[in-house]
Amino acid sequence: MGQLRGSLIAPERNALYNLHMPTINPYINFNGNAEEAFTFYKSVFGGEFGMITRFKDIAGPHSHVGEHEAEKILRITLPIGSTMLIANDVPEAMGRVNEQENRSKIAVTAESRDEAERIFNGLSAGGEVEMPLGESPWGSFFAMFRDKYGIEWTVECASKAESSPRA
């Protein structure tokens, strides 16, 4: 099976993580349902929204916002660990996002199999599973799926990751 890749090794055990590297935060475009999707993501990951800005919040003499788009999301953030999930609703004037053509995936690395299962079960509910959670050919516990909003995800943890202690 080979060695585990660096992304699955705890940061404190991997010297590469000690470098001052930029943080990568996924940014997702939605067709008017960003707030609904992020409420769903919050139910899976927990936490609180870091920011919610609506199009009406920027309306002014130099920025006209139509009444039908005033409540749509200009920017919403959900802190998850040391990263931030970010999104917006695409204004109708810019055209629709084709969610079935999105081939980029948001990769989540879990600390344990229990956490991987919880995240997978939460995010994949109502979606379409491409690869069920299980042992991968490269030696990790892995799943690949599209959530009910058309966003593609992977969930992974080290194959030998212990399950969380049971109460």
Side-chain angles (χ1 to χ4, degrees), residues 1-11 14 17 22-54 71-90 94-167:
M1 292 261 182
Q3 289 185 300
L4 291 176
R5 294 197 166 104
S7 64
L8 296 177
I9 298 173
N14 186 337
Y17 284 95
T23 300
I24 296 174
N25 297 305
Y27 199 116
I28 309 169
N29 293 312
F30 288 92
N31 291 315
N33 60 344
E35 187 170 14
E36 176 187 336
F38 265 55
T39 299
F40 171 68
Y41 300 150
K42 182 179 160 185
S43 76
V44 173
F45 291 107
E48 297 297 326
F49 296 131
M51 166 191 291
I52 299 177
T53 305
R54 298 181 188 283
E71 292 296 324
K72 288 185 179 178
I73 300 296
L74 175 67
R75 184 175 176 95
I76 188 168
T77 63
L78 178 63
I80 302 172
S82 62
T83 63
M84 183 108 35
L85 193 58
I86 307 167
N88 68 282
D89 288 317
V90 176
M94 295 180 73
R96 291 188 57 78
V97 175
N98 185 343
E99 290 143 352
Q100 298 306 311
E101 293 296 321
N102 180 9
R103 293 308 301 168
S104 297
K105 292 179 175 31
I106 299 173
V108 178
T109 302
E111 298 275 328
S112 68
R113 284 180 177 236
D114 287 347
E115 183 180 50
E117 288 170 355
R118 181 187 63 76
I119 293 168
F120 170 76
N121 290 335
L123 289 176
S124 66
E128 182 180 321
V129 175
E130 190 173 337
M131 184 177 183
L133 197 54
E135 295 296 326
S136 71
W138 53 90
S140 68
F141 194 57
F142 179 86
M144 186 166 42
F145 56 94
R146 183 185 300 267
D147 71 22
K148 63 185 176 183
Y149 299 101
I151 304 303
E152 296 188 40
W153 297 82
T154 66
V155 175
E156 177 170 35
C157 74
S159 183
K160 301 297 183 199
E162 297 291 322
S163 290
S164 301
R166 302 272 183 207

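Just so you know, these numbers use all the heavy atoms, side chains as well, and skip hydrogens, waters and symmetry mates. Just so you know, residue 1 is the first one in the sequence shown, and it goes up from there.
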Quiz item: At their closest point, which heavy atom of Phe38 faces which heavy atom of Ala87, and how far apart are they?
Solution: CE1-CB, 3.3 Å
Quiz item: Can Lys72 and Glu35 be counted as an ion pair, charged N to O under 4.0 angstrom?
Solution: no
Quiz item: Would you call the rings of Phe145 and Trp153 parallel, tilted or perpendicular, where under 30° means parallel and over 60° means perpendicular?
Solution: parallel
Quiz item: Side chains of Phe141 and Val155: does their closest heavy-atom pair fall under 4.5 Å?
Solution: no
Self-check item: Ion pair check, Glu71 and Arg54, cut-off under 4.0 Å
Solution: yes
Quiz item: Going through the distances and angles, do Lys105 and Glu130 end up as a side-chain contact (heavy atoms from CB on, under 4.5 Å)?
Solution: CA-CA 12 Å; Lys105 292 179 175 31; Glu130 190 173 337; 4.1 Å; yes
Quiz item: In Å and rounded to the nearest 0.5 Å, what is the CD1 to CD1 distance from Ile86 to Ile73?
Solution: 13.5 Å
Exercise. Without swapping roles, check the side chain of Asp89 against the backbone of Asn33 for a donor-acceptor pair under 3.5 Å.
Key: yes
Self-check item: Heavy-atom pair of closest approach, residues Ala116 and Ala110
Solution: N-CB, 3.6 Å
Practice problem: Report the C-alpha separation of Val108 and Phe120 in whole Å, then their side-chain angles, then the decisive distance to 0.1 Å, and conclude whether the side-chain contact (heavy atoms from CB on, under 4.5 Å) test is met. | Solution: CA-CA 10 Å; Val108 178; Phe120 170 76; over 6 Å; no
Exercise. Provide the closest heavy-atom pair for Gly50 versus Pro79 in the form atom of the first, atom of the second, distance.
Key: N-CD, 3.7 Å
Exercise. Could you tell me the separation between the SG atom of Cys157 and the CG atom of Asp114, rounded to the nearest 0.5 Å?
Key: 9.0 Å
Exercise. Any chance you could lay out the side-chain contact (heavy atoms from CB on, under 4.5 Å) test for Phe30 and Glu36, step after step, and finish with the verdict?
Key: CA-CA 10 Å; Phe30 288 92; Glu36 176 187 336; over 6 Å; no
Practice problem: Return the minimal non-hydrogen interatomic distance between Lys148 and Ala125, and the atom names on each side. | Solution: CD-O, 3.9 Å
Self-check item: Nearest heavy atoms of Trp138 and Ser140, plus distance in Å
Solution: NE1-OG, 3.0 Å
Quiz item: Looking only at atom types and distance, does a side-chain atom of Arg118 sit under 3.5 Å from a main-chain N or O of Val44, one as donor and one as acceptor?
Solution: yes
Self-check item: Check: Leu74 and Asn88 side chains under 4.5 Å, non-hydrogen atoms
Solution: no
Practice problem: Locate the shortest heavy-atom distance separating Glu48 from Leu78; write the atom from each residue and the value. | Solution: O-CD1, 3.7 Å
Quiz item: What distance do Ile52 atom CD1 and Arg75 atom CZ have between them, rounded to the nearest 0.5 Å?
Solution: 12.5 Å
Quiz item: Who are the side-chain contact (heavy atoms from CB on, under 4.5 Å) partners of Met131, not counting sequence neighbours?
Solution: Pro137, Phe142, Met144
Quiz item: Nearest 0.5 Å, what's the CG-CD1 distance between Leu123 and Ile106?
Solution: 9.0 Å
Practice problem: Go through the steps for Ile119 and Glu115 under the test side-chain contact (heavy atoms from CB on, under 4.5 Å), then give the verdict. | Solution: CA-CA 6 Å; Ile119 293 168; Glu115 183 180 50; 3.7 Å; yes
Quiz item: With respect to Leu85, which candidate in Tyr27, Tyr41, Phe49 satisfies the side chain to side chain contact (heavy atoms under 4.5 Å, CB included) definition?
Solution: Tyr41
